[in-house]
Protein chains: 2
Amino acid sequence: MFKDLDPLLHQQLRLSVISLLVSTKEAEFGFLKDKTNATAGNLSVQLNKLADAGYITIAKSFRDNYPLTTCKITQQGISAFENYVSALQDYLKSK
Amino acid sequence: MFKDLDPLLHQQLRLSVISLLVSTKEAEFGFLKDKTNATAGNLSVQLNKLADAGYITIAKSFRDNYPLTTCKITQQGISAFENYVSALQDYLKSK
DNA sequence: TAAAGTAGTTTATATCATAAACTAAAATAA
DNA sequence: TTATTTTAGTTTATGATATAAACTACTTTA
């Protein structure tokens, strides 16, 4: 009846991040922070969880002398998102 | 961009219960337990949370000498579900 | 009348989410 | 030049949450 929902994606901030990355493919820490209204600390933690799961990759560099963290979604992340959306449908259609 | 998701509904078991009740209007404890594959303990806790929020009402009676717990969705519960589904859409459409 | 079954509830634990505190370097002000 | 502030994050302490295990209370069956 109801398929299990991927616990990594069934969380607001992580889902927001993946949702953004699915469209943009790549995004900077600051961009994600702005779009999600998350605190830096929370975002940092959740990004690392997504990276540990292999859903995104995190690249660290510098821009104008400041650290720059860039996140990119992986194929695994895209598939996980598609699966999650598909599983959720059954919960949402109230029929 | 992303609206906040009702934390009461953004949880698998509670969402399953509400999703079922939205269609059936009313359901017995055992029915919900079967459909959701939840343990009785977990279901009991989550039903009470939904009742505390005013999303469902819980009626206790007896049938064939055994206790019978019947759950019914409220108008507030229906509205909350509709709101949740609508808020979620923004997260799911990857665009 | 003891054992097993029904229908749940309560609670202890383990996990998780989050903000507060912190790090480290750069830019700016004094 | 030496503080102070700002940028860009990370680490961690805590409080909340989800869940299963343990329990309650009653009924049926052996």
Side-chain angles (χ1 to χ4, degrees), chain A residues 2-21 26-53 55-72 80 84 87 91, chain B residues 2-21 26-53 55-72 80 84 87 91:
Chain A
F2 295 111
K3 292 168 213 147
D4 272 346
L5 298 173
D6 183 340
L8 252 123
L9 294 186
H10 197 59
Q11 196 263 33
Q12 196 172 132
L13 182 48
R14 287 192 300 262
L15 184 60
S16 302
V17 166
I18 290 292
S19 179
L20 287 167
L21 287 177
E26 203 167 324
E28 295 169 12
F29 189 97
F31 172 85
L32 294 173
K33 183 170 176 296
D34 285 355
K35 289 290 180 184
T36 60
N37 289 318
T39 60
N42 193 13
L43 182 57
S44 177
V45 169
Q46 307 309 332
L47 287 179
N48 282 319
K49 290 191 183 179
L50 290 172
D52 289 348
Y55 289 4
I56 66 170
T57 55
I58 300 179
K60 272 138 199 311
S61 60
F62 282 88
R63 183 173 56 192
D64 300 336
N65 290 330
Y66 286 109
L68 177 67
T69 299
T70 308
C71 302
K72 204 173 170 178
Y84 172 78
Y91 293 77
Chain B
F2 294 111
K3 292 168 212 145
D4 273 345
L5 298 173
D6 182 340
L8 251 123
L9 294 187
H10 196 59
Q11 195 264 30
Q12 199 173 128
L13 181 48
R14 287 192 301 263
L15 183 60
S16 302
V17 167
I18 290 291
S19 179
L20 287 167
L21 288 176
E26 201 167 325
E28 296 170 11
F29 189 97
F31 172 85
L32 294 173
K33 182 171 177 297
D34 285 354
K35 289 289 180 185
T36 60
N37 291 317
T39 60
N42 193 13
L43 183 56
S44 178
V45 169
Q46 306 310 330
L47 288 179
N48 282 318
K49 288 191 183 178
L50 290 171
D52 289 349
Y55 290 3
I56 66 171
T57 55
I58 300 178
K60 273 138 198 312
S61 59
F62 281 88
R63 183 173 54 192
D64 300 335
N65 290 330
Y66 286 109
L68 177 67
T69 299
T70 309
C71 303
K72 204 172 172 181
Y84 171 77
Y91 292 77

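Chain letters run A, B, ... following the sequence lines, proteins first and then strands; every chain starts at 1.
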**Complete:** So, with a heavy-atom separation below 4.0 Å from DNA chain C, the residues of residues 8-16 of chain B are none
**Request:** Can you sort out which residues in residues 36-50 of chain B have a heavy atom within less than 4.0 Å of DNA chain C? Ascending by number, please.
**Result:** B/Ala40, B/Gly41, B/Ser44, B/Val45
**Request:** Only pairs at least two apart or in different chains count here, so list each side chain to side chain donor-acceptor pair (under 3.5 Å) that has a residue in residues 31-45 of chain A.
**Result:**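 Applying side chain to side chain donor-acceptor pair (under 3.5 Å) to every pair that reaches into residues 31-45 of chain A, excluding sequence neighbours, yields A/Asn42-A/Gln46.
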Please enumerate all protein N or O atoms sitting under 3.5 Å from an N or O of nucleotides 22-27 of chain C, with distances to 0.1 Å.
residue, atom, partner, partner atom, Å
C/dA27, OP1, A/Asn65, ND2, 3.1

**Prompt:** Just wondering, do B/Val17 and B/Leu21 contact through their side chains at under 4.5 Å, heavy atoms?
**Reply:**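 A side-chain contact exists here, since the closest heavy-atom pair is under 4.5 Å.
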**Prompt:** Heavy atoms, side chains only, cut-off 4.5 Å: are A/Cys71 and A/Phe29 in contact?
**Reply:** no
**Request:** Identify the heavy atoms of A/His10 and B/Tyr84 that sit nearest to each other, and give their distance.
**Result:**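 Looks like CE1-OH, 3.9 Å.
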**Asked** If you look at every heavy atom in A/Leu47 and A/Ile56, which pair is closest and at what distance?
**Response**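 For A/Leu47 versus A/Ile56, the nearest heavy atoms are O-CD1, 3.6 Å.
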**Request:** Name all pairs fulfilling the salt bridge (Lys or Arg N to Asp or Glu O under 4.0 Å) condition that reach into residues 61-70 of chain A, sequence neighbours left out, sorted by first residue then second.
**Result:**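 Listed once each, the pairs are A/Glu28-A/Arg63.
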**Asked** At under 4.0 Å between heavy atoms, what does A/Lys33 touch on the DNA or RNA strands: base, sugar-phosphate, or nothing?
**Response**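 No contact at all - A/Lys33 keeps every heavy atom at 4.0 Å or more from the nucleic acid.
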**Nucleotide C/dT18, atom C1' - distance to CG of B/Leu5 in whole Å** =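 Answer to the nearest Å: 16 Å.
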**Message:** For chain B and DNA chain D, what are the first and last nucleotides along the strand, 5' to 3', with at least one atom under 4.0 angstrom from a heavy atom of the protein chain?
**Reply:**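 Listing 5' to 3', DNA chain D meets chain B from D/dA18 to D/dT28.
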